[in-house]
Every structure is written in structure tokens, then in C-alpha cells.
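The next block holds one structure in the form of C-alpha cells; read it before the comments.
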Number of protein chains: 2
Amino acid sequence: MTPKVRNGLLRLIPDDELSRVMDVCEQVRLAPRQVLHHYMLPMEHVYFVESGLVSVAAKVGREKFVEVWLIGSEGLVGAPVILAARGVPLHRRTVQLTGDAWRIRTAEFCELLESLPHLRSVVERYLAVVLAQTSQSGACNSYHSLKQRLARWLLIAQNATGEDEVSLTHGVLAELLGVRRASVTECLEVLQRDGTVVTRRGSVKIQDAAELSKLSCDCFRLIEREYRRHLLPALDTGSRQRSPVSLLAPVGTGEPALVGREPKRPSG
Amino acid sequence: MTPKVRNGLLRLIPDDELSRVMDVCEQVRLAPRQVLHHYMLPMEHVYFVESGLVSVAAKVGREKFVEVWLIGSEGLVGAPVILAARGVPLHRRTVQLTGDAWRIRTAEFCELLESLPHLRSVVERYLAVVLAQTSQSGACNSYHSLKQRLARWLLIAQNATGEDEVSLTHGVLAELLGVRRASVTECLEVLQRDGTVVTRRGSVKIQDAAELSKLSCDCFRLIEREYRRHLLPALDTGSRQRSPVSLLAPVGTGEPALVGREPKRPSG
DNA sequence: CAGAGAAGGTACGGTAGCGTACATAGGCAG
DNA sequence: CTGCCTATGTACGCTACCGTACCTTCTCTG
């Protein structure tokens with residue numbers, strides 16, 4: 001019997017593998033502010049998120065953390081364990097929005113990865129998305145305005161949770177974005193005036209996602225596209241992606257395209 | 001016969017695997033401004049860097065890219081191919097400092113990964129470092145001053161290349177850091193006045209790494225430590241890391257540490 | 001329903017880094 | 001040696017965001 005799962009990654013693996021995974025899962029509740037992985041402490045479990053939102057943050061000063069990626073029901077908290085890097089995370093993973101998750105002891109999960117090729121493939125591809133998300137938001141942080149970044153964050157959160165409303169205070173949002181609480185307040189006001197969001201005490205609701213998307217930088221769309229590119233072909237069985245298991249298929253087109261120096265560069 | 005390699009990753013794998021790798025390698029010269037992987041075009045090859053410096057940049061606007069991580073002689077250009085994500089990179093990889101590299105066709109490399117467990121393990125651990133570097137610098141970009149970031153960048157470059165001097169113009173440095181060229185000029189001036197660097201036309205030389213490290217944020221040290229943590233145990237054969245091949249060993253201590261909500265949180 | 005505590009609004013001066021622009025100075029090609 | 005191109009120095013006003021502080025408003029608890 002395979003329990004119903006909502007987690008986007010678990011839904012990508014075939015039933016036989018899924019039931020093997022579920023056998024060692026336990027369901028847990030994610031409570032806001034709960035720290036799933038402390039900075040530099042062993043990761044006891046990994047979590048397939050069913051609902052809610054978990055943020056991963058890097059340390060940038062004494063007790064100061066900035067978010068570097070986000071995990072919702074499409075993701076796995078602790079994915080980097082597949083990189084032989086398990087045991088001690090560089091980041092702190094904190095529940096931001098209440099939800100549920102399936103939890104597996106890290107060691108057991110790693111064993112499963114050895115014997116369940118689809119699971120491994122899915123997690124690998126998810127990790128590619130994590131890398132994309134992290135690097136894109138990192139770059140974004142240094143280039144785009146707070147308004148754009150806030151819009152991006154809200155859209156990513158919407159994507160990750162499937163909910164239009166995030167129950168977070170301005171203060172928490174500020175922490176996640178690495179800015180002042182007052183800046184968030186001001187910025188949300190602007191967004192609200194634009195009609196893209198509605199704020200209530202302790203929550204922000206996306207009113208007009210399309211418009212919000214216009215206000216945000218492209219980074220959101222790039223990240224979303226990466227997610228689709230890596231994790232939807234398994235459903236489409238389409239495009240260039242071969243079976244999720246085999247890692248042997250040739251790649252690309254074999255075109256000449258042998259690197260070339262750029263002659264001048266227009267602006268820079 | 002195993003040719004001498006300087007690349008930090010290749011040096012970590014045993015001779016029998018190394019020679020398998022070298023069999024399919026060709027040596028190439030890395031020329032400044034050469035683009036190894038174009039944005040959204042298939043990655044034909046991966047490159048084990050022997051010397052020089054390659055920067056990986058994310059797109060943040062029309063023809064505008066910001067660096068998200070750096071690769072020197074300790075690294076591999078194209079490491080994310082191990083994530084079943086190969087074919088099309090989200091990033092642009094550009095040679096910044098002249099050097100040499102061993103090049104392998106991506107497809108061949110992926111085949112090797114299947115049969116050479118040490119190689120796979122090393123690349124996996126390297127990718128963990130890449131993720132750490134990327135997320136840390138992303139967070140850093142939003143928190144720390146240009147002076148700190150510039151110092152960090154120079155130190156990372158020094159680490160990656162093993163050279164004290166980087167032959168880059170202020171303009172290029174500015175691009176990489178995602179700031180104005182004039183800001184870099186001003187900032188370098190300050191660093192030079194502090195006696196930590198010496199600038200010549202088209203190059204910056206680290207004069208006093210220790211002092212520069214003090215001026216930089218901790219991010220540099222965190223990244224460096226991650227590198228050591230993931231990629232040196234294989235040499236030490238020490239600490240918690242088991243054989244680089246087996247992925248089965250248990251992790252951590254089994255301590256209780258079952259997550260708990262934080263009661264109050266003092267400031268931020 | 002009262003009071004405390006948390007969340008949100010607002011304000012003020014401060015500053016890092018911006019966009020732009022222009023002048024100078026290495027250094028290479030002829 | 002000369003001219004040209006690229007790299008660097010420098011200046012100017014500008015803006016987004018900062019740190020701090022203080023007040024108001026909501027909401028929960030008792």
C-alpha cells in the first residue's frame with residue numbers, strides 16, 4: 001500500500017520505490033521557527049516536505065543568517081546528503097510556515113539511495129535545482145532592488161507551498177531577505193498599493209501573481225524554469241532527458257561550438 | 001603511465017582510476033575571456049583545471065552576469081553534470097586567468113563516473129563545496145561591504161590558483177563582483193593604502209594575506225574550511241569521513257537533538 | 001475586558017555604492 | 001617616437017537602503 005503523498009519529489013518515483021521509501025518514513029509536523037538542521041550539527045534526518053515552508057540560511061555573522069534557498073512541498077530538506085557530505089550541514093534549516101513532512105533518518109536514506117535508482121535520480125535533479133536557485137538568488141541579491149527581490153521571494157514561496165498566502169511577519173521576511181524590517185514594511189506597502197499583494201497582520205497574500213511577476217526580476221522565472229527543466233521531464237518523458245536512471249546517454253548535439261574568445265565585448 | 005597532474009581533485013583519486021581518467025583527457029590551454037560553457041548551451045566538455053581561474057556566472061539581466069562561484073586548480077568546470085542535469089548549464093563559465101586544463105567530453109566523463117567510485121566521490125564532495133561557496137558568497141553579497149567582498153574574492157582567487165597575483169583589470173573584477181568599475185578602483189586604493197595589496201596596471205597582487213583576511217568577512221574562512229572539510233579527509237584518512245567509496249556508513253552521533261522550537265529568539 | 005506583548009507604521013539623518021562622465025596615463029602597433 | 005586604445009583615477013549628484021527610535025495598533029491571555 002502506498003500512502004498518498006503530496007511531495008513533489010516522492011510523486012516522481014515509481015510505486016515500488018516509493019513504498020520502500022515510505023516504509024522507513026515517519027510523518028512529522030513542522031512547527032514555525034523549528035530548526036530542522038542546526039548550523040554545524042549533524043543532520044539526523046532528511047525531510048520530504050508535504051506542506052509548509054522551510055528556509056535554508058547561511059551564516060554571515062555572529063548569530064546572523066541570510067536565506068540562501070527555500071524548500072516547499074516540491075522539495076527535500078537535507079538533499080545535499082547525497083553528496084557524500086552528510087553529517088554536518090553548513091546551513092541552518094528553519095521551518096517558516098507550518099506544515100507536514102515525511103522524515104527519514106539520514107543513514108537510512110543514504111542506504112535507500114544505493115538501491116533505489118529513481119529516488120537517487122530525482123534527488124540529484126532536485127539538487128541541481130537547489131544549486132540553480134541558490135546561485136540565482138545570490139546573484140539577484142547583489143543586483144536587484146528590494147522590491148524585486150521581495151516579489152521574487154513571494155512568488156517562490158507561492159510556488160513552493162502552493163498557497164497564495166504566507167503567514168510571516170515583516171520581521172521574519174526581513175531576516176530572510178537580509179534587510180531591515182522597516183524596509184520590508186515600506187516595500188510591502190508599495191506592492192500593496194500596486195494591487196499585487198494584500199497584507200494582514202502576520203501575513204502577506206498574493207493578489208495578482210502575474211503583476212507581481214512583472215515587478216519581480218527575471219530570477220524568479222529562471223528558477224522556476226530550472227525546476228521544470230530538471231523535474232518535469234520525468235513526467236513528460238520528453239525532451240532531451242533520457243530515462244531518469246541511466247546516466248550513460250550521450251549529451252548535446254556534438255556540434256562544433258568549440259569555445260571562442262569574445263572579440264570585444266560591447267559594454268561589460 | 002600516469003602523467004603528473006596538479007589538479008586538486010585528480011590528485012585525490014587513486015592511480016588506477018586516475019589513469020582511466022587520463023586516458024580520455026586532452027590537455028587544453030585556457031585563454032582569458034574564453035567561454036567554456038555558454039549560458040543555456042550544451043556543455044560539451046568538463047575541465048579539470050590545472051592552472052588559471054574560471055568564473056561561473058549567473059544571468060541577472062540582458063547580457064548582465066554576476067559571478068556565483070570560482071574554479072581554480074582545485075576544481076572541475078562542469079561538476080554539476082553529475083546531477084543528471086547535464087546538457088544545458090544555467091551559467092556561463094568564463095576563463096579569467098590563463099592556464100591549462102584537462103578536458104573530457106561530458107558523455108565520456110559521465111561514463112567514467114559509473115565505473116570509478118573514487119572519482120565520483122571526489123566530484124560529489126567537490127560539488128558540496130561548490131554549493132557551500134555559492135550560497136556563502138550569495139549571502140555575503142547582500143550583507144558585507146564591497147571592501148570585505150573584494151578582500152574575500154582576492155583570497156579565494158589566491159587559494160584557487162595558488163598565485164599571489166591575479167592579472168585582472170578593475171573592470172573585470174567589477175563585473176565579477178557585480179559592482180561599478182569605479183567602486184573597485186576606489187576600494188583597491190584603500191586596500192593598497194592598508195598595505196594588503198599592490199596594484200599594477202592590469203593586475204592585483206596580494207601583499208599581506210593575513211591582514212587581507214582580517215579585512216575580509218568570515219565568508220572566506222568558512223568557504224575554505226568547507227573545502228578542507230570535504231576534500232582533505234580523503235588524504236588524512238581521518239575524522240568522521242569513511243572510505244570515499246562507501247556511502248553506507250552511519251552518520252552523526254545518534255544524540256537526541258530532536259528539533260525543538262526556539263522559545264523566543266533574542267534579536268534577529 | 002484589561003493589559004501586555006508583538007507587529008506594524010513612520011520618521012530622521014547617514015552612507016555605501018550607483019550612473020555618468022571626463023581626464024590622465026600605460027603600453028602596444030606602426 | 002607617435003598615436004591609439006585600454007586601463008585607471010576622480011568627481012558629481014543621486015538613491016536605496018541602513019540604524020535607530022518611537023509610537024500605534026492588533027491580538028492573545030488572563
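Annotation: salt bridge (charged side-chain N to carboxylate O under 4.0 Å, His left out) contacts of B:Arg62 (sequence neighbours excluded): none. In this structure, the salt bridge (charged side-chain N to carboxylate O under 4.0 Å, His left out) partners of A:Arg221, at least two apart in sequence or on a different chain, are A:Asp218. Under the salt bridge (charged side-chain N to carboxylate O under 4.0 Å, His left out) criterion, A:Lys205 pairs with no residue, sequence neighbours left out. For A:Ile156, the side-chain contact (heavy atoms from CB on, under 4.5 Å) partners two or more places apart in sequence, or in a different chain, are A:Leu70, A:Gln133, A:Arg152, A:Phe220, A:Ile223. Checked against side-chain contact (heavy atoms from CB on, under 4.5 Å), B:Glu211 has the following partners two or more places apart in sequence or in another chain: B:Thr196, B:Asp208, B:Lys214. Here B:His170 pairs with B:Thr185 under the side chain to side chain donor-acceptor pair (under 3.5 Å) rule; sequence neighbours left out. Every residue two or more places apart in sequence or in another chain that forms a salt bridge (charged side-chain N to carboxylate O under 4.0 Å, His left out) with A:Asp194 is listed here: A:Lys147.
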Checklist entry - Just by protein heavy atoms under 4.0 Å, how would nucleotides 21-30 of chain D read 5' to 3' in B, S and -? => result ----BBS---
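Here the P atom of nucleotide C:dG19 and the NZ atom of B:Lys64 are 8 Å apart, to the nearest Å. Summarising the geometry, the separation between CD on B:Glu175 and C1' on C:dC18 is reported as 17 Å, rounded to the nearest angstrom. The CG atom of B:Asn141 sits 18 Å away from the P atom of C:dA16 (whole-angstrom rounding). Between the CG atom of A:Leu191 and the P atom of C:dG9 there is a distance of 13 Å, rounded to whole Å.
A:His170 has no side-chain polar atom (N or O) that falls below the 4.0 Å cut-off from OP1 or OP2 of C:dA7.
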Give the table of side-chain donor-acceptor pairs shorter than 3.5 Å for residues 49-56 of chain B, with sequence neighbours excluded, one pair per line with atom names and distance.
from	atom 1	to	atom 2	distance (Å)
B:Glu50	OE1	B:Arg6	N	2.9
B:Glu50	OE2	B:Arg6	N	3.1
B:Glu50	OE2	B:Asn7	N	2.9
B:Glu50	OE2	B:Trp102	NE1	3.1
B:Ser51	OG	B:Asp100	N	3.1
B:Ser55	OG	B:Gln96	NE2	3.2

Anything under 3.5 Å between a donor and an acceptor, one on a side chain of residues 176-183 of chain B, the other on a protein residue two or more places apart or in another chain? List them.
from	atom 1	to	atom 2	distance (Å)
B:Arg180	NE	B:Ser183	OG	3.1
B:Arg180	NH2	B:Ser183	OG	3.1

Item to check | Pair A:Glu74-A:Asn159, side-chain hydrogen bond (donor to acceptor under 3.5 Å, both in side chains): steps then yes or no | outcome: CA-CA 9 Å; A:Glu74 41 25 272; A:Asn159 244 25; over 6 Å; no
Atom pairs, N/O to N/O, protein against nucleotides 12-17 of chain D, distance under 3.5 Å?
from	atom 1	to	atom 2	distance (Å)
D:dC17	OP1	A:Leu146	N	2.6

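Relative to the ring axis of B:Tyr39, B:Arg92 does not place its NZ or CZ within 45° and under 6.0 Å from the centre.
Fit an axis to the five pairs at each end of the helix from C:dC1-D:dG30 to C:dG30-D:dC1 and the two axes sit 40° apart, to the nearest 10 degrees.
Between A:Gly202 and A:Ser142, it is A:Gly202 whose nearest contact on DNA chain C lies nearer the 5' terminus.
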